[in-house]
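Predicted, not measured: the structure shown is a model, and the values here were computed from it. In the text below, chain A, chain B and the rest are named by the order of the sequence lines, each starting its count at 1.
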Amino acid sequence: MTKLQQTLYQFFGFTSFKKGQEDIIRSILSGKDTIAMLPTGGGKSLCYQLPGYMLDGMVLIVSPLLSLMEDQVQQLKVRGEKRAAALNSMLSRQERQFVLEHIHRYKFLYLSPEALRSPYVLEKLKSVPISLFVIDEAHCISEWGHDFRPDYSKLGQLRKKLGHPPVLALTATATKDTLQDVMNLLELQHAERHLNSVNRPNIALRVENAADTAEKINRVIQLVENLQGPGIVYCPTRKWAEELAGEIKSKTSSRADFYHGGMESGDRILIQQQFIHNQLDVICCTNAFGMGVDKPDIRYVIHFHLPQTAEAFMQEIGRAGRDGKPSVSILLRAPGDFELQEQIIQMESVTDEEIANVIRVLEETEERDERRLRDVLMQYGVGETQARMMIHLFMQGKTSVELIKREISYRMELKLEKMRRVSFLLQRDGCLRQSMLTYFDESYEPDDGNLPCCSHCGFDLSLYEQKGERSKKAPLDSWSSELQRIFSLQTVGELN
DNA sequence: CGTGTAGCCCGTAAGGGCTACACGGTGCATTACT
């Protein structure tokens, strides 16, 4: 038994690695920067937790969502690891202070890119040896770092300030371009790459055309009524998520609810937990839902609209069938879909006047507190996301209307191009799986003829319909959900 | 593009009807502290 296997057994109770894990871990242990792509549910957290036990010093994990950090810390604690914490806004001032003052005690510290903006946090982190700098869901760097969450684009610089620890960038879905972007922004020129296929052979792909929205709604109701659940319906807007959930509730026997970014965080957690514990059959949501939803038995994912990118599409359908059992993805198309998404992307555009206002405020004020600046700018009618993006560009030295405008138009054009491509991929003639994999620079060799492939290759949708009686539904009372929650946490802890 | 709504007009009053225009999706953070 090697040292690696011993450690695996000692801390995780496993006797063997999942596909891809060992290579990634060996790369980390040899001190190299590593970029790893593992399919969803492929055991990504083990790839940094195990080396964490073998290396001296702290493992710092940058994570995009509070809920992901909390889940990970809880799982570590259930496994008996007390030296884990998440440093974020959910902590009280005292708790935060405690973590920072005792920072040398921690083995695994989770935080957001925004938290690393604080000079005080950075100073504290400099006082401890960091054995590994992990970026979880690393595609967020490319997806969000240029506009929505610019702090993601500063991680490369931050790493230098932290004494240049080795980096592990983890993701499940990325094209070559996205990986290149991640490497540029993180300044990882010589990283070892461990890439696995994004293909999920157990998910059959289907595209259906509808004449209009009314027909789509009818079809969704029909599908939800007949398909074996649980399932997810991805919607283009918050309003659609709410409306479809209402339609499904009133016209089918399915227990449905909605989920989007405009909800209170308590409600979001509740809905997600109910879904995970089988108290809901179907969830209608925007693209806010999904990251960190580690539910193994999702049987179908319906897209009520066009996704904005092929990467997003793969991420979203990839939430189905993590248990490896047959699952299905169905995309509904109708005229006008493309235009709606196009308009959502074009909301990001800004007028010359707005840019000029931003520049004037930035030049007039000595204040570099971004929050205060954003408040000022919002008084000029500039949206929060736009304000943040423009401040970010200004700080990078793009201090003229022309430069800022050019950059924003360029980003928007890239997004529109990605959308045109996914739209094209989903409507062209030919095998859908092959189209998607080609986009991800993969070749496709059908491995066996048993698994249904796609609506072009042909398959029988009734394979995915429920047989006989609907499965027994768990009651919606609080003590039973609490018991289920505790039970599931223990199970998760044992498995990981 | 499609939808919701603010604000205006009409007018011996209140609310209906119209036009113009904004909005649509992803999340951290939110106070000093050694």
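Taking 3.5 Å as the limit, the base of B/dG25 and the side chain of A/E348 contain a donor-acceptor pair of atoms between them. Between the side chain of A/Q308 and the base of B/dG25, a donor-acceptor pair under 3.5 Å is found. Not a single donor-acceptor contact under 3.5 angstrom links the side-chain atoms of A/R268 to the base of B/dG27.
In this entry the distance linking CD of A/E95 with C1' of B/dT31 reads 17 Å, nearest Å. Between A/M291 atom CE and B/dT26 atom P there is a gap of 11 Å when expressed in whole angstrom units. The distance between atom CD of A/E342 and atom C1' of B/dG2, rounded to the nearest whole Å, is 14 Å. At whole-Å resolution of the value, CD in A/E123 and P in B/dT34 are 13 Å apart. Atoms CD (A/Q386) and P (B/dA22) sit 14 Å apart, rounded to a whole Å. A/F258 places its CZ atom 16 Å from the C1' atom of B/dG25, with the value rounded to the nearest Å. Summarising the geometry, the separation between OH on A/Y234 and C1' on B/dT26 is reported as 12 Å, rounded to the nearest angstrom. Between A/R149 atom CZ and B/dT30 atom C1' there is a gap of 14 Å when expressed in whole angstrom units.
Between B/dT3 and B/dG25, the distance separating the two P atoms is 14 Å to the nearest Å. Taking atom C1' in both B/dG11 and B/dG15, one finds a spacing of 11 Å when rounded to whole Å. B/dC18 and B/dT12 are spaced 23 Å apart, taking the C1' atom of each and rounding to whole Å.
Note on A/G336: nothing from the nucleic acid sits closer than 4.0 angstrom, heavy atoms only. Counting any heavy atom pair closer than 4.0 Å across all strands shown, A/E114 reaches a base atom. Residue-level contact check: A/L100 touches neither bases nor backbone, having no heavy atom under 4.0 Å from any strand. Residue contacts for A/E384: at a heavy-atom cut-off of 4.0 Å it reaches a base atom on one of the strands shown. Residue-level contact check: A/P236 touches the backbone only, with heavy atoms under 4.0 Å from sugar-phosphate atoms and none from bases.
Contact annotation: the side chain of A/D257 never approaches that of A/Y259 to less than 4.5 Å [non-hydrogen atoms, C-beta and beyond]. In this structure, the side chains of A/E95 and A/R93 stay at 4.5 Å or more apart for every pair of heavy atoms. Inter-residue side-chain proximity for A/S455 and A/L432 is flagged as met; some heavy-atom pair is nearer than 4.5 Å.
Figure legend. B/dG16 is base-paired to B/dC9; pairs are counted as Watson-Crick or G-U wobble with both atom distances under 3.5 Å. With a 3.5 Å ceiling on both atom-pair distances, B/dA32 lacks any Watson-Crick or G-U wobble partner. As the counterpart of B/dG25, no nucleotide is assigned, since no Watson-Crick or G-U wobble pattern has both distances under 3.5 Å.
With hydrogens and angles left out, the side-chain atoms of A/T286 and A/R238 include no donor and acceptor closer than 3.5 Å. No hydrogens or angles considered: nothing links the side chains of A/Q273 and A/Q279 as a donor-acceptor pair under 3.5 Å.
Contact annotation: A/R238 side-chain N/O to B/dC23 OP1/OP2 distance is not under 4.0 Å. For the pair A/S89 and B/dA29, the criterion of a side-chain N or O lying under 4.0 Å from OP1 or OP2 is met. A close approach under 4.0 Å does occur between a side-chain nitrogen or oxygen of A/K239 and OP1 or OP2 of B/dG4. Here A/S112 reaches the OP1 or OP2 of B/dA29: one of its side-chain N or O atoms lies under 4.0 Å away.
Nearest to the side-chain atoms of A/Q343 among the listed nucleotides B/dC1, B/dA29, B/dG25 stands B/dC1. For A/T286, whose side chain is taken as the heavy atoms from C-beta onward, the closest listed nucleotide among B/dC1, B/dG25, B/dC28 is B/dG25. Side-chain atoms of A/R93 lie closest to B/dA32 of the nucleotides B/dA32, B/dG27, B/dC33. Of the candidates B/dA29, B/dG25, B/dT26, the closest approach to any side-chain atom of A/W144 belongs to B/dT26. When distances run from any side-chain atom of A/L340 to the nucleotides B/dC28, B/dT26, B/dG24, the shortest one goes to B/dG24.
Place A/I345 and A/R96 on DNA chain B by their nearest nucleotides, and A/I345 ends up nearer the 5' end. Sequence order on DNA chain B of the closest nucleotides to A/Y120 and A/P64 puts A/P64 first from the 5' end.
With salt bridges taken as basic N to acidic carboxylate O contacts below 4.0 Å, one links A/R322 and A/D294.
Under the stacking criterion of a centre-to-centre distance below 5.5 angstrom and an interplanar angle below 30°, A/F148 sits stacked against the six-membered ring of B/dT26.
Cation-pi geometry between A/K216 and A/F304 is satisfied (NZ or CZ under 6.0 Å from the ring centre, within 45° of the ring normal).
Between the A/N218 side chain and the A/E215 main chain, no donor and acceptor come within less than 3.5 Å of each other.
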